[in-house]
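Everything on this sheet refers to the single structure shown next.
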Number of protein chains: 2
Amino acid sequence: MFTLSEENYLKAIYHLESDSKKGISTNAIAKSLETKASSVTDMIKKLSEKEVVLYKKYQGVTLTEFGKKTAANIVRKHRLWEVFLVEKLNFSWDEVHDVAEQLEHIKSPKLINELDALLGFPTHDPHGDPIPDKEGNVNTVDKILLSTLNKEESGVCVGVNDSSSEFLRFLDKKKITLGKKITVLEKEDFDDSLSIEIDGEKLSISKKIANNLYLKK
Amino acid sequence: MFTLSEENYLKAIYHLESDSKKGISTNAIAKSLETKASSVTDMIKKLSEKEVVLYKKYQGVTLTEFGKKTAANIVRKHRLWEVFLVEKLNFSWDEVHDVAEQLEHIKSPKLINELDALLGFPTHDPHGDPIPDKEGNVNTVDKILLSTLNKEESGVCVGVNDSSSEFLRFLDKKKITLGKKITVLEKEDFDDSLSIEIDGEKLSISKKIANNLYLKK
DNA sequence: AATAATTTTTAGACTAGTCTAAAAATAATG
DNA sequence: CATTATTTTTAGACTAGTCTAAAAATTATT
Ligand SMILES: [Mn+2]
Ligand SMILES: [Mn+2]
Ligand SMILES: [Mn+2]
Ligand SMILES: [Mn+2]
């Protein structure tokens with residue numbers, strides 16, 4: 001069994017690994033958990049004792065297979081709860097994160113299995129992120145950033161890179177939701193902004209937005 | 001805000017107060033939380049600082065109004081989650097307690113309001129215990145123990161005194177569920193056992209059972 | 001009322017998790 | 001390659017929550 005704190009560390013390392021491949025640095029973990037490097041070093045030693053990470057001083061950490069499975073299961077719970085909050089409890093996608101952050105630590109295999117069934121075995125959370133299965137396997141889709149599309153190309157919204165409330169509410173305001181088709185009409189060299197078509201309407205989109213919205217061609 | 005531990009102490013005191021009226025003793029709290037009296041004394045001081053209990057050395061504690069409201073809110077959450085687990089996730093009434101014990105500490109007013117609505121604003125949990133409203137008010141029903149009924153009298157099952165898995169599964173086996181009518185056919189002076197009628201069938205019930213089943217006349 | 005039994009509190013210690021400040025190791029730079 | 005700069009680890013301290021053992025207060029019993 002893992003403590004709440006250990007679980008949060010595991011999850012942070014899991015997410016950092018999916019981006020960077022190499023050993024995860026103490027500082028990277030500290031930044032992602034808004035804690036201090038010295039605290040991270042302490043915790044890493046505990047996690048290493050528990051055989052969920054491999055650790056050699058000054059070399060960063062890597063999750064073991066056991067660690068990966070454990071972390072994936074926490075992510076699974078987090079995302080299933082997010083679906084529940086949106087589908088059953090009328091939360092909007094920018095309200096779910098903090099609550100899911102708590103709910104992901106509830107210990108009960110039956111609870112999560114039944115929740116999965118209640119929700120109809122969803123494959124993705126409200127932000128388009130894939131839900132790991134019971135074994136910790138994830139279906140990674142080949143999604144690309146809107147900013148990488150060329151003029152005339154189009155795709156369907158499938159996820160966000162930044163899932164802050166601010167960004168999500170911005171998307172809501174612009175009526176950009178998952179599942180909608182976007183076509184790039186124009187790319188401005190000057191400020192890298194885009195002119196896109198969505199819902200048959202023309203919309204101007206900044207570089208920052210285009211860098212945080214994932215599409216599937 | 002209260003820590004998980006503080007919340008568990010508050011809830012324990014709340015339940016003990018509803019039985020005993022007077023100041024709750026250190027030992028009683030220790031017993032109910034399976035901890036040591038010295039730990040209780042420490043925690044009581046913190047709770048007293050936070051103005052949720054009144055405390056004078058060697059005199060036991062009483063909840064303040066604020067403390068009562070806070071505790072009732074935790075009980076509210078516990079019982080709403082129990083209803084959710086039974087109604088939506090196919091848990092049986094003997095499986096819900098440990099999970100609800102964790103879920104009751106999740107912090108999110110919106111979560112609990114929406115859950116309440118999803119469940120159709122239930123008034124009682126799966127064990128027949130009343131669910132406090134948002135203000136912490138409880139609808140106490142005048143329920144009586146089966147053991148207090150006289151020969152020929154009858155009532156409807158509305159709750160349990162002991163909510164251990166063992167007792168609840170025993171009731172399941174005997175098909176004694178909330179809402180069913182029970183009539184006392186015979187009272188044995190020898191061992192205080194009862195002969196009852198339920199579902200048109202005759203059943204023999206020990207003193208221990210009769211002391212843990214609540215009826216409403 | 002005096003003594004014994006019980007309850008409660010205190011004193012001191014321990015673990016988990018965190019922090020600051022300093023030391024050690026690694027990486028970057030001229 | 002020698003010197004800086006950065007990263008990481010260690011050392012020591014702090015809080016929350018718990019425990020054991022001993023002291024103090026209360027309650028029960030002769
Ligand atoms: Mn979390
Ligand atoms: Mn998400
Ligand atoms: Mn609890
Ligand atoms: Mn209950």
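Bear in mind the structure is a predicted one, so any value in this text is a computation, not a measurement. Only this structure's heavy atoms are used, side chains among them; waters, hydrogens and symmetry mates stay out. Below, read A as the first sequence line, B as the second, and so on, with proteins coming before strands; counting in each chain starts at 1.
Salt bridge status for A:Asp162 with A:Lys208: absent, with no side-chain N to carboxylate O gap under 4.0 Å.
Note on A:Ser5: every side-chain N or O is 4.0 Å or more away from OP1 and OP2 of C:dA16. The side chain of B:Lys46 places no N or O atom within less than 4.0 Å of a non-bridging phosphate oxygen (OP1 or OP2) of D:dA16. An OP1 or OP2 oxygen of C:dG17 is reached within less than 4.0 angstrom by no side-chain nitrogen or oxygen of A:Thr35.
Classified by interplanar angle (parallel below 30°, tilted 30° to 60°, perpendicular above 60°), the ring pair A:His127/A:Trp93 is parallel. Using cut-offs of 30° and 60° for the angle between ring planes, the A:Phe84 and A:Trp81 rings count as perpendicular.
In this entry the distance linking CD of A:Glu34 with C1' of C:dG17 reads 17 Å, nearest Å. Following rounding to the nearest Å, A:Lys22 (NZ) and D:dT7 (P) show an atom-to-atom distance of 15 Å. Spacing between atom CG of A:Leu33 and atom P of C:dT18 amounts to 8 Å, rounded to whole angstrom units. Following rounding to the nearest Å, B:Lys36 (NZ) and D:dA22 (P) show an atom-to-atom distance of 15 Å. The interatomic distance linking A:Glu49 (CD) with C:dA16 (P) rounds to 11 Å, in whole Å. In this structure, CD1 of A:Ile29 is placed 13 Å from P of C:dT18, rounded to the nearest angstrom. In this structure, CD of B:Glu7 is placed 11 Å from P of D:dG17, rounded to the nearest angstrom. To the nearest angstrom, P of C:dC19 lies 11 Å from CE of A:Met43.
In terms of heavy atoms, B:Arg79 sits closest to B:Ile131 at CB-CG1, 3.7 Å.
The only member of B:Asp192, B:Asn161, B:Asn211, B:Asn212 that meets side chain to side chain donor-acceptor pair (under 3.5 Å) when paired with B:Ser147 is B:Asn211.
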Which letter, B, S or -, goes with each nucleotide of nucleotides 5-10 of chain C from 5' to 3', with contact meaning a protein heavy atom under 4.0 Å?
--SBBB
Kindly indicate, with the supporting measurements, whether the criterion side-chain hydrogen bond (donor to acceptor under 3.5 Å, both in side chains) is fulfilled by B:Asn27 and B:Ser25.
CA-CA 5 Å; B:Asn27 259 0; B:Ser25 75; over 6 Å; no
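A donor-acceptor pair under 3.5 Å links the side-chain atoms of B:Thr64 to the main chain of B:Val52, judged by distance alone.
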